[in-house]
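The chains referred to below are lettered A, B, ... by the order of the sequence lines, with proteins before strands, and numbering in each begins at 1. Everything numeric here is computed off the predicted structure, so don't read it as measured data.
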Protein chains: 2
Amino acid sequence: MVKPSDFELKLLRHLWQRGRLSARELHDASAAETRWSYSATRKTLERMVEKGLVRIEAFHGLNTYAASQSKIETLAVLASAFARDVLDLDAPLPAAAFAGSKLVSPGEIAELEALLEQLSDAAKGEDKV
Amino acid sequence: MVKPSDFELKLLRHLWQRGRLSARELHDASAAETRWSYSATRKTLERMVEKGLVRIEAFHGLNTYAASQSKIETLAVLASAFARDVLDLDAPLPAAAFAGSKLVSPGEIAELEALLEQLSDAAKGEDKV
DNA sequence: ATCCTCATGCGACGGATGTCGCATCTATGT
DNA sequence: ACATAGATGCGACATCCGTCGCATGAGGAT
């Protein structure tokens, strides 16, 4: 699972919400936040494809892009990095941390928690070696 | 207030805990985690001085370094960036998020919350303009 | 006076990322 | 057939950061 940068995350959010988009559509949707030129949006998108964050698919010559890593997976990577690097926590972040976010429904929070625990267990395993 | 990178944070932790240290002392204390050469530690330290994260002071020719941004301030920047960029939260992170961390005492959590609220209010102000 | 050790200043390289422009190709209107 | 608009591939530059090495210099040991 890949950890996106802050800007990459902004693009991902639109893709999660709206599914598959062309570069132009994604740019129009996100330009207000990023304040990027169309070129900048496209280049970032291109790199996200290389990294495996986004899947590209052409329809009759028009490239379209869709997230290839789910919102929950992505939040899990980000949250566990925060817990480990910043808070120096062993256990995963408690669900309460996500409670106020409009990004995740209660059902998704449950899913997230499961993933987080998995990640933190995996980390412990590596430690021992 | 400056947002440190993950590695810079590792160095800062030692400075918060032990106060002023020489480059050598800091390196010996942190090399296990960073797995860096002495040169790498020094260079990072040098850049942290430029950024204003650390204050340098020479005693009879020996350089010593101390954190110039407190633990709580730093956690506040990091936590509010996480809340804003990742969780897309308007309000600051709830105290519950920090509860399990050995880095902060209950008293410090209170201090943190105050700071976080300040930061989130400031952000709203800028938004409106 | 000579040598060794350690600190210091500073340069360098590579990868990630933010940012942008240009040359080319393709479909479409006239 | 030709011009125009938009999409695409790709190159480029700057900055940050992880990482390291070298040359110089100062203080102590012989």
Side-chain angles (χ1 to χ4, degrees), chain A residues 1-15 20-66 69 74 77-78 81 84-86, chain B residues 1-15 20-66 69 74 77-78 81 84-86:
Chain A
M1 290 195 298
V2 188
K3 181 176 154 186
S5 76
D6 290 348
F7 278 95
E8 289 171 344
L9 189 56
K10 282 184 202 302
L11 298 192
L12 278 178
R13 284 219 248 269
H14 290 280
L15 294 178
R20 189 166 283 283
L21 291 178
S22 73
R24 178 64 66 184
E25 289 167 331
L26 181 52
H27 176 69
D28 289 345
S30 60
E33 302 145 51
T34 60
R35 308 173 150 279
W36 278 350
S37 71
Y38 180 48
S39 282
T41 305
R42 282 198 313 124
K43 189 53 153 189
T44 301
L45 211 39
E46 184 187 324
R47 288 181 180 148
M48 290 170 79
V49 172
E50 281 167 23
K51 278 206 231 175
L53 270 173
V54 161
R55 241 172 308 112
I56 189 177
E57 199 168 324
F59 287 109
H60 307 283
L62 179 65
N63 283 345
T64 61
Y65 303 84
Q69 188 172 279
T74 307
V77 196
L78 260 358
R84 175 169 34 84
D85 296 333
V86 176
Chain B
M1 287 198 297
V2 188
K3 181 175 155 187
S5 76
D6 290 347
F7 277 94
E8 290 171 342
L9 189 57
K10 283 185 202 297
L11 296 192
L12 277 177
R13 284 220 245 271
H14 290 281
L15 293 178
R20 190 167 280 284
L21 290 178
S22 72
R24 178 63 67 182
E25 288 167 332
L26 180 53
H27 176 69
D28 289 344
S30 61
E33 301 144 51
T34 59
R35 304 172 151 281
W36 278 351
S37 70
Y38 180 48
S39 282
T41 305
R42 282 198 313 125
K43 188 54 151 189
T44 301
L45 210 39
E46 184 186 325
R47 287 180 181 150
M48 291 170 77
V49 172
E50 281 167 24
K51 277 205 230 174
L53 270 174
V54 161
R55 244 174 304 113
I56 189 176
E57 198 169 322
F59 287 110
H60 308 284
L62 179 65
N63 284 345
T64 61
Y65 303 85
Q69 188 171 281
T74 307
V77 196
L78 261 356
R84 176 171 34 84
D85 297 332
V86 176

- Message: If you only use heavy atoms from C-beta on, which nucleotide in C:dA12, C:dT8, D:dT8 is closest to the side chain of B:Ala23?
- Response: C:dT8

- Message: Looking at B:Lys10, is its backbone amide N or carbonyl O close enough to the side chain of B:Glu33 to form a donor-acceptor pair, meaning the two atoms are under 3.5 Å apart?
- Response: no

- Item | Value in whole Å for how far the P atom of D:dC16 lies from CZ of B:Arg47 | 10 Å

- Query: Phosphate oxygens OP1/OP2 of D:dG18: is one of them under 4.0 Å from a side-chain N or O of B:Ser5?
  - Reply: yes

- Task: Could you check which of C:dG9, C:dC22, C:dA7 has an atom nearest any side-chain atom of A:Arg42?
- Result: C:dC22

- Task: May I have the distance from A:Glu50 (atom CD) to C:dA16 (atom C1'), rounded to whole angstrom?
- Result: 11 Å

- Message: Side chain of A:Ser37, heavy atoms from C-beta onward: which of D:dG21, C:dC20, C:dG18 has the nearest atom to it?
- Response: C:dC20

- Query: B:Leu45 has an atom CG; how far is it from atom P of C:dC10, in whole Å?
  - Reply: 15 Å

- Item | Nearest-Å distance for atom pair CD1/C1', residues B:Ile56 and C:dA7 | 11 Å

- Task: Return the nearest nucleotide to the side chain of A:Lys43; candidates are C:dC20, C:dA7, C:dA12.
- Result: C:dC20

- Query: Tell me: NZ of A:Lys3 to C1' of D:dC17, nearest whole Å?
  - Reply: 13 Å

- Determine the contact category for A:Thr44: base if any of its heavy atoms lies under 4.0 Å from a base atom, sugar-phosphate if only primed atoms, P, OP1 or OP2 are that close, otherwise nothing. base

- Would you indicate which nucleotide in C:dT8, D:dT8, D:dC17 comes nearest to any side-chain atom of A:Tyr38? D:dT8

- Message: Using a strict threshold of under 4.0 Å (side-chain N to carboxylate O), is an ion pair present between B:Arg47 and B:Glu50?
- Response: no

- Interatomic spacing from CZ in A:Phe7 to CE in A:Met48 - rounded to 0.5 Å: 12.5 Å

- Message: What is the separation between atom NE2 on B:His27 and atom C1' on D:dC20, rounded to the nearest whole Å?
- Response: 12 Å

- Take A:Ser39 and A:Asp6, find for each the nucleotide of DNA chain C with the closest heavy atom, and name the residue whose nucleotide sits nearer the 5' end. A:Asp6

- Could you state the atom-to-atom distance from NE2 of B:His60 to P of C:dA7 in whole Å? 17 Å

- Item | Any A:Lys51 side-chain N or O less than 4.0 Å from OP1/OP2 of C:dT17 | yes

- Message: How many whole angstroms separate atom CD of A:Glu33 from atom P of C:dG18?
- Response: 14 Å

- Query: Out of C:dG11, C:dT17, D:dG9, which nucleotide sits closest to the side chain of A:Asn63?
  - Reply: D:dG9

- Message: When you compare the side chain of B:Thr74 with that of A:Val86, does any pair of heavy atoms fall below 4.5 Å?
- Response: no

- Closest-nucleotide ordering on DNA chain D, the 5'-leading residue of A:Arg24 and B:Arg35: A:Arg24

- Of the listed C:dT8, C:dC10, C:dC20, the closest approach to the B:Leu62 side chain comes from C:dT8

- Task: Working to the nearest 0.5 Å, report the span between CG of B:Asn63 and CG of B:Leu21.
- Result: 13.0 Å

